[in-house]
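A short worksheet on the structure shown next.
Keep in mind the model is a prediction, meaning the values are calculated, not measured. Residue indices begin at 1 and follow the sequence shown.
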Amino acid sequence: MQKLPETFIETAIQAVDQARLITARYFRSELAVDSKSDRSPVTVADQETEQALKNLILDRHPEHGFFGEESGTENTSAPWQWILDPIDGTKSFASGKPTFGTLVALLFENEPLLGIIDHGILDERWIGIKNRPTTFNGQPCATSKTSAVARSSLCVTTPDMFDESAMAAFDQLSCQCQFRVFGGDCHSYGLLASGHTEIVCEADLKAYDYLALVPVVEGAGGVISDWRGDPLNRDSGDRVLASANLSVHREAIQYLRGSHLD
């Protein structure tokens with residue numbers, strides 16, 4: 001496996017440190033919210049954060065590729081690719097909820113080797129590195145030992161992310177869980193990595209929404225894939241399932257397959 005240079009890890013940490021400064025300056029301020037072509041919300045905070053992080057990353061690693069939610073792609077043929085969501089949870093950010101976060105992923109030949117989930121307002125940071133234990137605020141963390149869906153809690157940001165077929169599959173799974181919780185954005189995946197919830201099941205996601213989550217969840221002992229159980233990369237679809245362990249994950253996928261999927 002490709003070794004991840006320490007300088008790349010340092011760049012990622014510097015990037016999320018900078019994101020904290022910018023987002024804190026705008027959080028709970030009088031902020032205009034615009035709509036993009038896909039009707040998703042965007043603010044000047046999203047745009048300024050991404051541009052600052054993009055400049056930092058490409059100044060240090062000009063030979064790398066980049067894909068950001070707001071600015072799109074650069075140098076897509078490079079083996080090293082940075083994937084960035086400057087504010088995951090713009091709706092939460094714009095409405096004053098602190099569950100928004102910054103997501104930074106680094107891929108080598110389409111495999112996520114590094115992921116950071118950073119919640120600056122909450123001062124919470126999960127760092128996942130391939131083949132290393134995930135850390136939460138510098139200390140190793142681990143997923144829940146719960147081994148059955150019936151004893152699991154399930155998190156999802158909003159039911160609005162499901163079309164008709166996805167909602168049918170989601171309901172098939174969620175009705176088997178102990179309880180379900182709405183809201184959370186990328187914070188839910190960090191909480192799963194720290195053992196506080198067992199399942200996150202979402203849809204209508206893009207690569208910049210989920211690639212940073214992969215090393216974080218896996219390094220804590222969890223499993224993350226699409227709804228069919230296939231590994232996540234830049235070419236995966238929009239449906240993501242994260243579970244505390246393989247036992248829960250396999251059972252959850254069986255419930256998802258109980259409904260008609262596209």
**Message:** Can you tell me if Arg28 has over 12 outside heavy atoms packed within less than 6.0 Å of its CZ?
**Reply:**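 Yes.
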
**Prompt:** Is it true that atom CD of Glu164 has more than 12 heavy atoms of other residues, nucleotides or ligands lying nearer than 6.0 Å?
**Reply:**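 Open.
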
**Asked** Does the side chain to side chain contact (heavy atoms under 4.5 Å, CB included) test come out yes or no for Leu213 and Ile224, once each step is laid out?
**Response** CA-CA 8 Å; Leu213 313 174; Ile224 185 167; 3.9 Å; yes

**Asked** Does the side chain to side chain contact (heavy atoms under 4.5 Å, CB included) test come out yes or no for His119 and Trp126, once each step is laid out?
**Response** CA-CA 9 Å; His119 296 271; Trp126 287 267; 3.8 Å; yes

**Message:** Over 60° means perpendicular and under 30° means parallel, so tell me whether Phe8 and His61 are parallel, tilted or perpendicular.
**Reply:**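 The arrangement is perpendicular - the two ring planes meet at more than 60°.
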
Answer yes if [X] and [Y] sit in the same cluster of Ile, Leu, Val, Met, Phe, Trp and Tyr residues linked by side chain heavy atoms under 4.5 Å apart, and no otherwise.
{"X": "Leu58", "Y": "Ile9", "value": "yes"}
{"X": "Met167", "Y": "Ile253", "value": "yes"}
{"X": "Leu211", "Y": "Leu205", "value": "yes"}
{"X": "Met161", "Y": "Val200", "value": "yes"}
{"X": "Ile57", "Y": "Ile22", "value": "no"}

**Asked** Looking at Asp46, Val44, Thr43, which one forms a side-chain contact (heavy atoms from CB on, under 4.5 Å) with Val33?
**Response**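 Going through Asp46, Val44, Thr43 one by one, the side-chain contact (heavy atoms from CB on, under 4.5 Å) with Val33 is satisfied by Thr43 alone.
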
**Message:** Between Leu103 and Ile117, does the side chain to side chain contact (heavy atoms under 4.5 Å, CB included) criterion hold? Intermediate values first, please.
**Reply:** CA-CA 5 Å; Leu103 297 175; Ile117 305 173; 3.8 Å; yes

**Request:** Report the C-alpha separation of Arg132 and Glu6 in whole Å, then their side-chain angles, then the decisive distance to 0.1 Å, and conclude whether the salt bridge (charged side-chain N to carboxylate O under 4.0 Å, His left out) test is met.
**Result:** CA-CA 13 Å; Arg132 297 192 199 176; Glu6 291 296 321; 2.8 Å; yes

Testing the basics here: between [X] and [Y], what is the closest heavy-atom pair and its distance to 0.1 Å?
{"X": "Ala19", "Y": "Thr49", "value": "CB-CG2, 3.8 Å"}
{"X": "Val216", "Y": "Gly128", "value": "CG2-N, 3.6 Å"}
{"X": "Thr146", "Y": "Val248", "value": "O-CG2, 3.3 Å"}
{"X": "Glu50", "Y": "Glu69", "value": "OE1-N, 3.2 Å"}

With the side chain counted from C-beta on, respond yes when [X] and [Y] share a heavy-atom pair under 4.5 Å apart, and no when they do not.
{"X": "His64", "Y": "Thr11", "answer": "no"}
{"X": "Thr90", "Y": "Val42", "answer": "no"}
{"X": "Val156", "Y": "Phe182", "answer": "yes"}
{"X": "Glu251", "Y": "Gln176", "answer": "no"}
{"X": "Gln139", "Y": "Asn137", "answer": "no"}

**Asked** For Arg125 and Asp118, what are the C-alpha separation, side-chain angles and deciding distance, and is it a salt bridge (charged side-chain N to carboxylate O under 4.0 Å, His left out)?
**Response** CA-CA 4 Å; Arg125 176 178 296 172; Asp118 190 74; 2.5 Å; yes

**Prompt:** Roughly how far, to the nearest 0.5 Å, is OH of Tyr189 from CG of Leu192?
**Reply:**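 Reported value, rounded in 0.5 Å steps: 9.0 Å.
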
**Spatial distance of atom CZ (Phe67) from atom CG (Leu107) [nearest 0.5 Å]** =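 That separation rounds to 11.0 Å.
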
Check: [Y] main-chain N/O paired with [X] side-chain donor or acceptor under 3.5 Å:
{"X": "Asn55", "Y": "Ala52", "answer": "no"}
{"X": "Trp227", "Y": "Val240", "answer": "yes"}
{"X": "Asp88", "Y": "Cys186", "answer": "yes"}

**Message:** Determine whether Asp230 and Arg239 satisfy the following criterion, salt bridge (charged side-chain N to carboxylate O under 4.0 Å, His left out), listing intermediate values before the conclusion.
**Reply:** CA-CA 11 Å; Asp230 296 326; Arg239 300 176 181 182; over 6 Å; no

**Sequence-distant partners of Arg180, salt bridge (charged side-chain N to carboxylate O under 4.0 Å, His left out), two or more places apart** =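 Residues passing salt bridge (charged side-chain N to carboxylate O under 4.0 Å, His left out) with Arg180: Asp171.
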
Side chains of [X] and [Y] only: does a donor on one sit below 3.5 Å from an acceptor on the other?
{"X": "Ser153", "Y": "Glu198", "value": "yes"}
{"X": "Glu202", "Y": "Tyr210", "value": "no"}
{"X": "Ser29", "Y": "Arg25", "value": "no"}
{"X": "His187", "Y": "Thr99", "value": "no"}

**Request:** Apply the test side chain to side chain contact (heavy atoms under 4.5 Å, CB included) to residues Lys145 and Asn245: give CA-CA distance (whole Å), side-chain angles for both, the deciding distance (0.1 Å), then the verdict.
**Result:** CA-CA 7 Å; Lys145 301 299 184 185; Asn245 49 65; 5.7 Å; no

